[in-house]
Each structure stands twice: as structure tokens, then as C-alpha cells.
Amino acid sequence: MGFAIAVDGPAASGKGTIAVKLGALYGYPVLDSGLLYRAVGMKVLGQGGDLADEAAATAAARSLEPSELEGPVVRTRAAGEAASRVAIYTPVRRVLRDFQRDFALQEPGAVIDGRDIGTVIAPDAPAKLYVTATPEARAMRRWKQLVGQGETVTYEDILADIHTRDARDSARADSPMVAAPDAVLLDTTEMTIDAAFDAARRIVEAARSRWETAKG
Ligand code: CDP
């Protein structure tokens with residue numbers, strides 16, 4: 001295993017931005033694992049299917065192509081909602097697991113952000129962050145992002161989405177959203193992007209020193 005960095009946390013906590021910046025810092029590839037679930041959800045809907053149909057979601061996960069992770073559709077509000085609906089299915093998670101594990105294990109290192117990276121996908125990752133912020137702060141960030149993408153939506157709608165999604169992601173039986181016992185918590189509520197990245201960088205640098213010492 002290379003130097004795997006797991007960045008977990010709830011919707012719009014800033015984990016994606018932090019993951020991309022850490023990847024650039026170390027020159028490691030970055031995987032936004034949420035895109036996999038978003039693409040599966042949108043594929044089911046695109047085929048006229050029902051998100052309550054576990055078999056359809058599993059088939060969509062099995063036939064997922066890299067090109068389906070690209071483009072604006074997977075970044076929409078609807079895709080985030082669809083993602084959390086298909087993410088409750090164990091067969092869907094199982095199909096997506098090997099790809100994420102292989103990604104995490106690559107040399108010389110990798111960054112993955114998601115919900116269960118530090119707990120299930122890469123429990124031995126030498127660096128683990130759990131990035132949080134209040135629901136209100138996260139809703140404000142997501143609302144600005146979606147409006148910037150041209151969506152027509154109110155802040156109140158997004159706050160309600162965030163509450164629904166937090167509850168669904170935390171309550172699911174398989175791989176619920178939870179901080180790994182050895183993850184370092186980073187609350188970005190009062191932080192700018194630069195401040196949050198700086199804090200994350202210091203946490204990861206400390207983990208890297210320990211990892212290098214342990215490797216000998
Ligand atoms: O940024 P945001 O949280 O809105 O979206 P995301 O990270 O793209 O994740 C979308 C949804 O996918 C989450 O609400 C989870 O239900 C699911 N997900 C998951 O179950 N496990 C992951 N490793 C990543 C995402």
C-alpha cells in the first residue's frame with residue numbers, strides 16, 4: 001500500500017476540495033467516490049428505472065463506464081439525492097468496492113473522498129480525515145455551488161436536502177457514514193477554503209511522518 005489518504009465526511013463539508021488540493025500537493029491521483037454513486041443513480045433514472053429497484057441499481061453499477069462519471073449531470077442536486085438512494089444497497093456497494101480498494105492501494109499513494117473510505121474501503125490508510133461543518137454552513141456552500149451551476153433552488157430546500165441525506169447516510173445498515181476511530185476530525189464551519197486546506201495539510205503531514213518512521 002502506498003500513502004493512502006482517506007477523506008470522509010457529510011455532504012458539502014468541503015472534503016472534495018480538500019481531497020483535490022491534497023492530491024495536487026503530493027502528486028497523487030484523486031478519486032471522488034461520490035461520483036460513482038451519483039453516476040449509478042443517474043443511470044437508473046436515465047433508463048427510466050426506479051431508485052427503489054435494487055436489481056436495476058446493481059445492474060447499473062456493474063455496467064458503469066468511466067465516461068459516465070463525467071459531465072455536469074452527475075454534479076446536479078438530483079444526482080446527489082439519487083446517489084444516496086442507491087448507496088443503501090449492499091450489492092451496489094459491493095460492485096463499487098474493488099475499484100475503490102485498488103485505487104486506494106496504488107503506489108506511491110492516492111487520495112479518496114467519500115463516506116466509508118477510512119472505515120470500509122481502506123481501513124489501513126495511514127492518513128484519515130473526517131471533515132465536518134454545521135448543516136447550515138454546508139447548505140450555504142452547496143446552495144452557492146448549485147446556483148453557480150445554473151440550478152434554481154432555495155437555501156431552505158438545500159438545508160432540507162442536507163438533513164435528509166445526513167439521516168439516510170448515517171442510518172443505512174451497510175457502511176454507514178461514521179468517522180473511523182483513528183480519523184482526525186476537522187470542523188470547517190468557520191474556515192475559509194485556504195484555512196481548511198492548511199489544517200488538513202498539517203494533519204496529513206503528521207500522519208506521513210509517523211508512516212515513514214513506521215516503514216523504517
Ligand atoms: O458532496 P456530496 O456529499 O453531496 O456528494 P457525494 O460525496 O458525491 O456523495 C453523494 C452520496 O453518495 C452520499 O450522500 C452517499 O449516500 C453516497 N456515498 C456513499 O455512500 N459512499 C461514498 N464513499 C461516497 C458517497
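Both counts, for ligands and for their atoms, begin at 1 and track the order of listing. Quantities reported herein were computed from a predicted structural model and do not represent experimental measurements.
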For the residue pair [X] and [Y], confirm or rule out a side-chain donor-acceptor distance under 3.5 Å.
{"X": "Tyr37", "Y": "Arg93", "value": "yes"}
{"X": "Asp157", "Y": "Thr154", "value": "yes"}
{"X": "Ser84", "Y": "Arg168", "value": "yes"}
{"X": "Ser63", "Y": "Lys43", "value": "yes"}
{"X": "Thr189", "Y": "Asp187", "value": "yes"}
{"X": "Gln145", "Y": "Arg142", "value": "yes"}

So which heavy atom in the protein is nearest [atom], and how far is it from that ligand atom?
{"atom": "atom 16 (O) of ligand 1", "result": "Asp169 OD1, 2.5 Å"}
{"atom": "atom 17 (C) of ligand 1", "result": "Ala87 CB, 3.7 Å"}
{"atom": "atom 10 (C) of ligand 1", "result": "Arg165 NH1, 3.5 Å"}
{"atom": "atom 18 (N) of ligand 1", "result": "Tyr37 CD1, 3.7 Å"}
{"atom": "atom 8 (O) of ligand 1", "result": "Arg38 NE, 2.6 Å"}
{"atom": "atom 21 (N) of ligand 1", "result": "Arg93 NH2, 3.1 Å"}
{"atom": "atom 24 (C) of ligand 1", "result": "Ser33 OG, 3.4 Å"}

For [X], which part has a heavy atom under 4.0 Å from ligand 1: side chain, backbone, both, or neither?
{"X": "Arg115", "result": "both"}
{"X": "Arg142", "result": "side chain"}
{"X": "Arg168", "result": "neither"}

Review point. Is a donor on one side and an acceptor on the other found under 3.5 Å between the side chain of Arg101 and the backbone of Val120?
Key: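 Pair found, side chain donor or acceptor close to backbone of Val120.
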Review point. Which ligand 1 atoms does Ala83 reach within 4.0 Å, using its non-hydrogen atoms?
Key: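 Per the distance check, 10 (C), 11 (C), 12 (O).
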**Study point:** Per-atom contacts, ligand 1 versus Gly34 - under 4.0 Å to a heavy atom
**Key:**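 Heavy-atom distances to Gly34 below 4.0 Å select 6 (P), 7 (O), 8 (O), 9 (O), 24 (C), 25 (C).
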Practice item. May I ask whether Arg172 places a heavy atom under 4.0 Å from ligand 1? Key: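 Arg172: in contact with ligand 1 (<4.0 Å).
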Point to revise | Pairing residues for Arg38 by the side-chain hydrogen bond (donor to acceptor under 3.5 Å, both in side chains) criterion, not counting sequence neighbours | key: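 Counting only residues at least two positions away or on another chain, Arg38 forms no side-chain hydrogen bond (donor to acceptor under 3.5 Å, both in side chains).
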Check your understanding: Would you call Val184 and Val204 a side-chain contact if the rule is heavy atoms closer than 4.5 Å?
Key ->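 Of all side-chain heavy-atom pairs linking Val204 with Val184, none is under 4.5 Å.
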